[in-house]
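Everything numeric here is computed off the predicted structure, so don't read it as measured data. Atoms considered below: every heavy atom in the structure, side chains included; atoms not considered: hydrogens, waters and symmetry mates.
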Amino acid sequence: MKSLMQRALGADWEELPPALRTHYRFGASIDSGYMDIEYPRFMQPFLTILGVIGALVNRGGKDVRTVVDKRVVGDRQYWRRTLSYPDGRVIHFNSFWVDAGNGELIEFVNPALGLQMAPYWQDGRLCYRGIRFVAKLGPLLLPIPEWLLLGHTTIVEEAVDENHFVMDFRLTHPLFGQVFRYSGKFEAAAVESA
């Protein structure tokens, strides 16, 4: 079967280097690495509220040990992130992806709130651009403009060798500038089913 990313990228999937193919494979995989998380001080109250509903991470840090466990169940890909800080605090940030059609994906941070994104391959990098936020109310998917919440989303991922990749996730608001960023380097490993 094809992974969600493979379906979204179409023929461009063949351009992805091995590390990114493993990262987005159909089935299970684990990414292990370290991330830097940064945001302006004024964002702390908002991130604390968003953390309660499962969106984003409400603590900054450098070289935060991060493990991302990805599994496919039905038509969803589940992302379970565990961030372990040097002082022993552990934060979990979970989400799931679904196919939005037309080469787009939606990442839901809880059953009702998601981010619709369009991935594309450009100059040896896998890039995403945010389309909109969405609210799911029963069968309805209500659009929420990016500027109304956290701003425009961009993600860039690039392989550095056969097994490792770097990534950079940013939220930039038209009025407040960059309001959130996390970036890091990961090793991607497939997990074979028993």
**OP:** Would you name the heavy atoms of Pro45 and Phe42 that are closest together and state the gap between them?
**Re:** CD-O, 3.4 Å
Original post:
What do the steps show when you test Glu14 against Arg21 for salt bridge (Lys or Arg N to Asp or Glu O under 4.0 Å), and what is the final call?
Top reply: CA-CA 9 Å; Glu14 301 302 322; Arg21 283 194 195 202; 3.4 Å; yes
Subject >> Verdict with supporting geometry, Trp97 and Met5, side chain to side chain contact (heavy atoms under 4.5 Å, CB included) >> reply: CA-CA 10 Å; Trp97 286 22; Met5 183 59 73; 3.9 Å; yes
Original post:
Does some side-chain heavy atom of Arg181 sit less than 4.5 Å from a side-chain heavy atom of Asp168?
Top reply: yes
Original post:
Is there side-chain contact between Ser3 and Trp13, with at least one heavy-atom pair below 4.5 Å?
Top reply: yes
Original post:
Where do Ala55 and Val109 come nearest, in terms of heavy atoms and distance?
Top reply: CB-CG2, 3.8 Å
Original post:
Between the side chains of Tyr24 and Glu157, does any donor sit under 3.5 Å from an acceptor?
Top reply: yes
Original post:
How about Phe46: does its CZ atom have over 12 heavy atoms from other parts shown lying under 6.0 Å from it?
Top reply: no
**OP:** Would you mind telling me which of Ile30, Leu83, Asp31 makes a side chain to side chain contact (heavy atoms under 4.5 Å, CB included) with Val67?
**Re:** Ile30
Subject >> Straight-line distance of Ser84 OG to Tyr34 OH, nearest 0.5 Å >> reply: 9.5 Å
**OP:** Could you tell me whether the side chain of Leu20 reaches within less than 4.5 Å of the side chain of Thr22, counting heavy atoms only?
**Re:** no
Original post:
Looking only at heavy atoms, which two atoms of Leu16 and Trp121 are closest? And how far apart?
Top reply: CD1-CE3, 3.7 Å
Subject >> Any donor-acceptor pair under 3.5 Å from Arg25 side chain to Ala28 backbone >> reply: yes
Original post:
Does any non-hydrogen side-chain atom of Phe93 lie less than 4.5 Å from one of Val68?
Top reply: no
Original post:
Below 4.5 Å, heavy atoms only, C-beta onward: do Tyr39 and Val179 meet side chain to side chain?
Top reply: no
Original post:
Of the non-hydrogen atoms in Pro174 and Trp147, which two are nearest, and what is the gap between them?
Top reply: CG-CB, 3.8 Å
Original post:
Taking C-beta and beyond as the side chain, do Ile144 and Leu149 meet within less than 4.5 Å on heavy atoms?
Top reply: yes
Original post:
What's the verdict on side chain to side chain contact (heavy atoms under 4.5 Å, CB included) for Phe108 and Leu113, showing C-alpha distance, side-chain angles and the deciding distance?
Top reply: CA-CA 6 Å; Phe108 283 96; Leu113 183 63; 5.8 Å; no
Subject >> Contact check, side chains of Thr154 and Leu171, non-hydrogen atoms, under 4.5 Å >> reply: no
**OP:** Indicate the atoms forming the closest heavy-atom contact of Ala19 with Ala188, along with that distance.
**Re:** O-CB, 3.6 Å
Subject >> Approximate separation, where rounding is to 0.5 Å, of His164 NE2 and Lys185 NZ >> reply: 5.5 Å
**OP:** Find the distance between OG1 (Thr66) and CE (Met35) and round it off to the nearest 0.5 Å.
**Re:** 4.0 Å
Subject >> Ring center gap for Trp79 and His23 short of 6.0 angstrom >> reply: yes
**OP:** Give a yes or no on whether Ile91 and Met167 share a hydrophobic cluster (residues Ile, Leu, Val, Met, Phe, Trp, Tyr; joining criterion: side-chain heavy atoms under 4.5 Å apart).
**Re:** yes
Original post:
Can a salt bridge be assigned to the pair Arg59 and Glu38 using a cut-off of 4.0 Å between side-chain N and carboxylate O?
Top reply: no
Original post:
Between Arg125 and Glu15, is the closest basic N to carboxylate O distance under 4.0 Å?
Top reply: no
**OP:** Could you tell me how the ring of Phe180 sits relative to the ring of Tyr182: parallel (under 30°), tilted (30 to 60°) or perpendicular (over 60°)?
**Re:** perpendicular
**OP:** Could you tell me the separation between the CZ atom of Arg170 and the CD atom of Gln178, rounded to the nearest 0.5 Å?
**Re:** 5.0 Å
Original post:
Which hydrophobic side chains are connected to Val52, either touching it within the sub-4.5 Å cutoff or through other members that do?
Top reply: none
Original post:
Is Phe176 reachable from Met43 through a run of hydrophobic residues whose side-chain heavy atoms are each under 4.5 Å from the next?
Top reply: yes
**OP:** Say whether Phe169 and Leu126 are linked into one hydrophobic cluster, either directly or through other cluster members, by side-chain heavy-atom distances under 4.5 angstrom.
**Re:** yes
**OP:** Any chance you could pull the hydrophobic cluster mates of Val160, using side-chain heavy atoms under 4.5 angstrom and chaining through other members?
**Re:** Val166
Subject >> Carboxylate-amine/guanidinium proximity below 4.0 Å for Arg81 and Asp69 >> reply: no
**OP:** Please step through side chain to side chain contact (heavy atoms under 4.5 Å, CB included) for the pair Gln77 and Lys70, ending with a clear verdict.
**Re:** CA-CA 7 Å; Gln77 183 181 44; Lys70 297 182 297 298; 4.2 Å; yes
Original post:
Does NZ or CZ of Arg71 fall inside the cone over Tyr78's six-membered ring, less than 6.0 Å from its centre and within 45° of the axis?
Top reply: no
Subject >> Leu115, Leu141, Leu4 screened by side chain to side chain contact (heavy atoms under 4.5 Å, CB included) with Ile106, the one that passes >> reply: Leu141
Original post:
Same hydrophobic cluster for Phe133 and Leu148, using side-chain heavy-atom links shorter than 4.5 Å among ILVMFWY?
Top reply: yes
Original post:
Is Val90 linked to Val64 within one hydrophobic cluster, defined over Ile, Leu, Val, Met, Phe, Trp and Tyr using a side-chain heavy-atom separation of less than 4.5 Å?
Top reply: no
Original post:
Counting N and O atoms only, with roles assigned by atom type, does the side chain of Lys136 sit under 3.5 Å from a partner on the main chain of Gly138, one being a donor and the other an acceptor?
Top reply: yes
**OP:** Answer yes if the side chains of Glu187 and Ser32 hold a donor-acceptor pair under 3.5 Å, and no otherwise.
**Re:** no
Subject >> Atom pair CZ/CZ of Arg7 and Phe26 - distance to nearest 0.5 Å >> reply: 8.0 Å
Original post:
At their closest point, which heavy atom of Tyr85 faces which heavy atom of Gly61, and how far apart are they?
Top reply: CE2-CA, 4.4 Å
Original post:
Is it the case that more than 12 heavy atoms not belonging to Asp161 sit under 6.0 Å from its CG atom?
Top reply: yes
Original post:
Does Asp36 have any salt bridge (Lys or Arg N to Asp or Glu O under 4.0 Å) partners at least two apart in sequence or in another chain, and if so, which?
Top reply: none
Original post:
Would a 4.5 Å heavy-atom cut-off, applied to side chains only, mark Leu150 and Leu56 as touching?
Top reply: yes
Subject >> N-O pairing of Lys2 and Asp99 below 4.0 Å >> reply: no
Original post:
Got a second to check how far Thr153's OG1 is from Gln116's CD, nearest 0.5 Å?
Top reply: 11.5 Å
**OP:** Would you please test Met117 and Ile155 for side chain to side chain contact (heavy atoms under 4.5 Å, CB included) and show each step?
**Re:** CA-CA 10 Å; Met117 304 173 286; Ile155 305 171; 3.9 Å; yes
